[in-house]
Asks: 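Structure provided below as structure tokens; questions to follow.
Heavy atoms only: backbone and side chains are in, while hydrogens, waters and symmetry mates are out. The first residue of the sequence shown is numbered 1, and numbering continues consecutively from there.
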Amino acid sequence: TLEDRPDRAIIGGTPVPVTKDVMAKLQLSLSRDGSKLASAAFGGFQRKTRFEVRLRDLVTSEERVFPMRANDFVQTPRISPDGTVLSYRDIIDGKAKTFVVTGRAAAGREVSESCRILGFYADPNFALAQEKGGQLLRFNIASGEKTVVLDARSGRIVEPALSPNDRWIAFVLYKPDGRVAIFISPVAGGAAPEADWIMLFEDDHYLGSPAWSPDGNLL
């Protein structure tokens with residue numbers, strides 16, 4: 001549980017479980033106010049394995065379950081900052097597709113086959129998405145319009161995190177030489193040149209999981 005200053009990463013108190021069933025929970029995504037939690041859940045064995053996406057209201061304890069057809073971890077559930085839009089991936093007829101759930105819809109609506117949503121802008125009509133390893137896109141989930149916002153000429157971008165004010169993207173870059181680095185890049189009208197990226201860390205072992213505080217002042 002977080003104390004009164006989650007924006008300063010002050011953690012204390014006694015941990016309180018928010019789920020009680022035995023299914024494992026992975027790929028967690030939390031709304032900015034901490035009221036909605038999306039997760040990929042799985043349980044069972046062999047042919048009876050179940051894969052689900054779950055959306056839990058942490059205030060009321062209501063939980064909505066979206067069964068997956070994919071028998072693998074492709075879901076990547078993401079919740080928008082305001083908690084109104086959920087995205088996830090599933091495999092239908094052998095093809096991975098991206099779906100979004102809005103309001104009280106009982107099932108997701110397909111929005112793309114090529115784009116994987118990795119986060120949302122403050123306006124939940126726009127998502128941070130990826131089609132190939134070296135690019136990130138601003139994806140309009142209503143129209144399907146895509147704009148490149150980050151382009152690495154070499155290497156693979158993973159684990160991007162958009163700042164709360166939509167002005168910066170923190171990301172991990174796997175370099176062709178095997179090294180890994182964490183950068184932040186400004187988000188402007190188009191993809192910022194690599195000269196404008198700010199490198200925070202670089203090493204020859206795993207670096208990952210950059211995340212912003214709710215006020216955007218802490219990474």
Asks: Between Pro210 and Ala170, what is the shortest heavy-atom contact and its length?
Replies: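 Heavy-atom minimum between the residues: CB-CB, 4.0 Å.
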Asks: Among Gln130, Lys146, Lys132, which residue meets the side chain to side chain donor-acceptor pair (under 3.5 Å) test with Ser114?
Replies: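 Testing Ser114 for a side chain to side chain donor-acceptor pair (under 3.5 Å) against Gln130, Lys146, Lys132 leaves exactly one candidate, Lys146.
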Asks: To the nearest 0.5 Å, what is the distance between OG (Ser31) and CG (Asp82)?
Replies: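 It comes to 8.5 Å.
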Asks: Hey, are Arg69 and Glu52 close enough for a salt bridge, meaning a charged N less than 4.0 Å from a carboxylate O?
Replies: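 No, no charged N to carboxylate O under 4.0 Å.
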Asks: Examine distances only and state if a side-chain atom of Arg64 and a backbone atom of Ala105 form a donor-acceptor pair shorter than 3.5 Å.
Replies: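 Pair found, side chain donor or acceptor close to backbone of Ala105.
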Asks: Please determine, by modelled atom types, if Gln27 and Thr76 share a side-chain donor-acceptor pair under 3.5 angstrom.
Replies: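 Checked: Gln27/Thr76 side chains show no N/O donor-acceptor pair below 3.5 Å.
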Asks: Between Val187 and Met199, is there shared hydrophobic-cluster membership here, with clusters defined by ILVMFWY side-chain heavy atoms closer than 4.5 Å?
Replies: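 Yes, it is one cluster - the side chains of Val187 and Met199 are joined through contacts under 4.5 Å.
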Asks: Can you confirm whether Lys36 sits close enough to Leu58 that some side-chain heavy atom of one is under 4.5 Å from a side-chain heavy atom of the other?
Replies: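 No. Closest side-chain heavy atoms not under 4.5 Å.
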Asks: Would you say Asp215's side chain and Asn217's backbone share a donor-acceptor pair under 3.5 angstrom?
Replies: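 Yes.
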Asks: Report yes if some heavy atom in the side chain of Met68 is under 4.5 Å from a heavy atom in the side chain of Val53; otherwise report no.
Replies: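 Side-chain contact under 4.5 Å: yes.
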Asks: Taking atom CZ as the centre, does Arg167 end up with more than 12 heavy-atom neighbours from other residues, nucleotides or ligands that are less than 6.0 angstrom away?
Replies: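 Not more than 12 within 6.0 Å, no.
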Asks: For Glu202, is the CD atom crowded, meaning more than 12 foreign heavy atoms sit under 6.0 Å from it?
Replies: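 Atom CD in Glu202 is packed in, count exceeds 12.
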Asks: Please walk me through it: do Val172 and Ile157 pass side-chain contact (heavy atoms from CB on, under 4.5 Å)?
Replies: CA-CA 6 Å; Val172 180; Ile157 295 172; over 6 Å; no
Asks: Does Leu26 offer a backbone N or O that forms a donor-acceptor pair with the side chain of Ser39 under 3.5 Å?
Replies: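 No: the side chain of Ser39 does not pair with the backbone of Leu26.
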Asks: Give a yes or no on whether Val101 and Phe99 share a hydrophobic cluster (residues Ile, Leu, Val, Met, Phe, Trp, Tyr; joining criterion: side-chain heavy atoms under 4.5 Å apart).
Replies: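 Looking at the clustering, Phe99 is in the same group as Val101.
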Asks: Measure the OG1-CD distance between Thr60 and Glu62 for me, rounded to the nearest 0.5 Å.
Replies: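 Nearest 0.5 Å value for the OG1-CD distance: 5.0 Å.
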Asks: Does atom CZ of Phe201 have more than 12 heavy-atom neighbours, drawn from other residues, nucleotides or ligands, at distances under 6.0 Å?
Replies: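 Not more than 12 within 6.0 Å, no.
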Asks: Val180 and Leu207: which non-hydrogen atoms are nearest, and at how many Å?
Replies: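 The pair with the smallest heavy-atom distance is O-CD1, 3.7 Å.
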Asks: Nearest heavy-atom pair of Ala38 and Pro77: which atoms, and what distance?
Replies: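 Nearest pair, atom of Ala38 first, then Pro77: CB-CB, 4.2 Å.
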Asks: Could you walk me through whether Glu110 and Arg89 pass the salt bridge (charged side-chain N to carboxylate O under 4.0 Å, His left out) test, one step at a time?
Replies: CA-CA 9 Å; Glu110 182 184 340; Arg89 293 279 274 177; over 6 Å; no
Asks: Side-chain heavy atoms under 4.5 angstrom apart, residues restricted to Ile, Leu, Val, Met, Phe, Trp, Tyr: same cluster for Phe73 and Ile91?
Replies: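 As far as the 4.5 Å side-chain criterion goes, Ile91 and Phe73 are not connected within one cluster.
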Asks: Aromatic contact between Trp168 and Phe183, with the criterion being ring centroids under 6.0 Å apart: yes or no?
Replies: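 Not under 6.0 Å, so no.
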Asks: Check whether Leu162 and Ile198 end up in the same hydrophobic cluster, where Ile, Leu, Val, Met, Phe, Trp and Tyr are linked by side-chain heavy atoms less than 4.5 Å apart.
Replies: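 No, no single cluster joins them.
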Asks: Kindly compute the distance separating CG (Leu200) from CG (Leu219), expressed to the nearest 0.5 Å.
Replies: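 Atom-to-atom, Leu200:CG and Leu219:CG are 6.0 Å apart.
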Asks: Supply the atom-to-atom distance Ile79 CD1 to Thr84 OG1, rounded to the nearest 0.5 angstrom.
Replies: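 Answer for the CD1-OG1 pair, Ile79 versus Thr84, is 7.0 Å.
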Asks: Does some side-chain heavy atom of Leu37 sit less than 4.5 Å from a side-chain heavy atom of Leu55?
Replies: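 SC-SC contact between Leu55 and Leu37 ruled out.
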Asks: I'd like to check Val111 versus Phe139 (side-chain heavy atoms, cut-off strictly below 4.5 Å). Are they in contact?
Replies: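 Yes, at least one pair of side-chain atoms sits under 4.5 Å.
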Asks: Should Phe51 and Val65 be counted in the same cluster of Ile, Leu, Val, Met, Phe, Trp and Tyr side chains packed under 4.5 Å apart?
Replies: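 In one cluster with Phe51: Val65, no.
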Asks: Look at the side chain of Arg56 and the backbone N and O of Val18, then say whether any donor-acceptor pair between them is shorter than 3.5 Å.
Replies: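 Checked: pair present.
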Asks: Begin with the C-alpha distance, continue with both residues' side-chain angles, and end with the deciding distance and a verdict on side-chain contact (heavy atoms from CB on, under 4.5 Å) for Val100 and Leu86.
Replies: CA-CA 5 Å; Val100 297; Leu86 168 71; over 6 Å; no
Asks: If we ignore angles and hydrogens, is there a donor and acceptor under 3.5 Å between the side chains of Ser29 and Arg78?
Replies: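 Their side chains do not contain a donor-acceptor pair, so the 3.5 Å distance test is not met.
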Asks: Indicate the atoms forming the closest heavy-atom contact of Cys115 with Glu131, along with that distance.
Replies: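 Cys115 and Glu131 have their closest heavy atoms at SG-CG, 3.5 Å.
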Asks: Just by modelled atom types, is the Pro124 backbone N or O under 3.5 Å from a matching donor or acceptor in the Ser80 side chain?
Replies: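 No; judged by distance alone, with no hydrogens or angles, the pair does not exist.
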Asks: Report yes if some heavy atom in the side chain of Leu128 is under 4.5 Å from a heavy atom in the side chain of Ile117; otherwise report no.
Replies: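 Side-chain contact under 4.5 Å: no.
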Asks: To check you understand the geometry: which heavy-atom pair defines the closest contact between Ser209 and Tyr206, and what is its length?
Replies: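 Nearest pair, atom of Ser209 first, then Tyr206: OG-OH, 3.6 Å.
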Asks: So is Arg138 actually on top of Tyr121's ring, under 6.0 Å and inside 45° of the axis?
Replies: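 Arg138 over Tyr121 ring: yes.
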Asks: Nearest 0.5 Å please: distance from the OG atom of Ser185 over to the CG atom of Leu136.
Replies: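 With rounding to 0.5 Å, OG (Ser185) is 9.0 Å from CG (Leu136).
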Asks: Salt bridge (charged side-chain N to carboxylate O under 4.0 Å, His left out) for Arg54 and Asp21? Distances and angles first, verdict last.
Replies: CA-CA 12 Å; Arg54 296 192 177 187; Asp21 64 289; 3.1 Å; yes
Asks: I'd like to check Leu137 versus Leu150 (side-chain heavy atoms, cut-off strictly below 4.5 Å). Are they in contact?
Replies: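 Not in contact.
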Asks: I'd like to know if the side chain of Asp123 and the backbone of Phe126 have a donor-acceptor N/O pair within less than 3.5 Å.
Replies: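 Absent.
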Asks: For the pair Glu159 (side chain) and Phe171 (backbone), establish whether a donor and an acceptor sit closer than 3.5 Å, ignoring hydrogens and angles.
Replies: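 Between the backbone of Phe171 and the side chain of Glu159 there is no qualifying donor-acceptor contact (under 3.5 Å).
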Asks: So, for Leu173 and Ala152, which heavy atoms are closest and what is the spacing to 0.1 Å?
Replies: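 Smallest interatomic distance, heavy atoms only, reads CD1-CB, 4.0 Å.
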Asks: Yes or no on side-chain contact (heavy atoms from CB on, under 4.5 Å) for Thr19 and Lys25, after CA distance, side-chain angles and deciding distance?
Replies: CA-CA 9 Å; Thr19 62; Lys25 315 296 187 304; 3.9 Å; yes
Asks: Does some side-chain heavy atom of Ile184 sit less than 4.5 Å from a side-chain heavy atom of Trp197?
Replies: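 The answer is no, as the side chains (C-beta and beyond) never meet within the 4.5 Å cut-off.
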Asks: For Ser87, does its backbone N or O pair with a side-chain atom of Gln75 as donor and acceptor, under 3.5 Å?
Replies: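 Checking the backbone N and O of Ser87 against the side chain of Gln75, no donor-acceptor pair under 3.5 Å is found.
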Asks: Without swapping roles, check the side chain of Asp90 against the backbone of Lys97 for a donor-acceptor pair under 3.5 Å.
Replies: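 Side chain of Asp90 to backbone of Lys97, a donor-acceptor pair under 3.5 Å: no, none is there.
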Asks: Side chains of Lys95 and Glu113, heavy atoms from C-beta outward: is any pair under 4.5 Å?
Replies: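 The answer is yes; the side chains approach within 4.5 Å.
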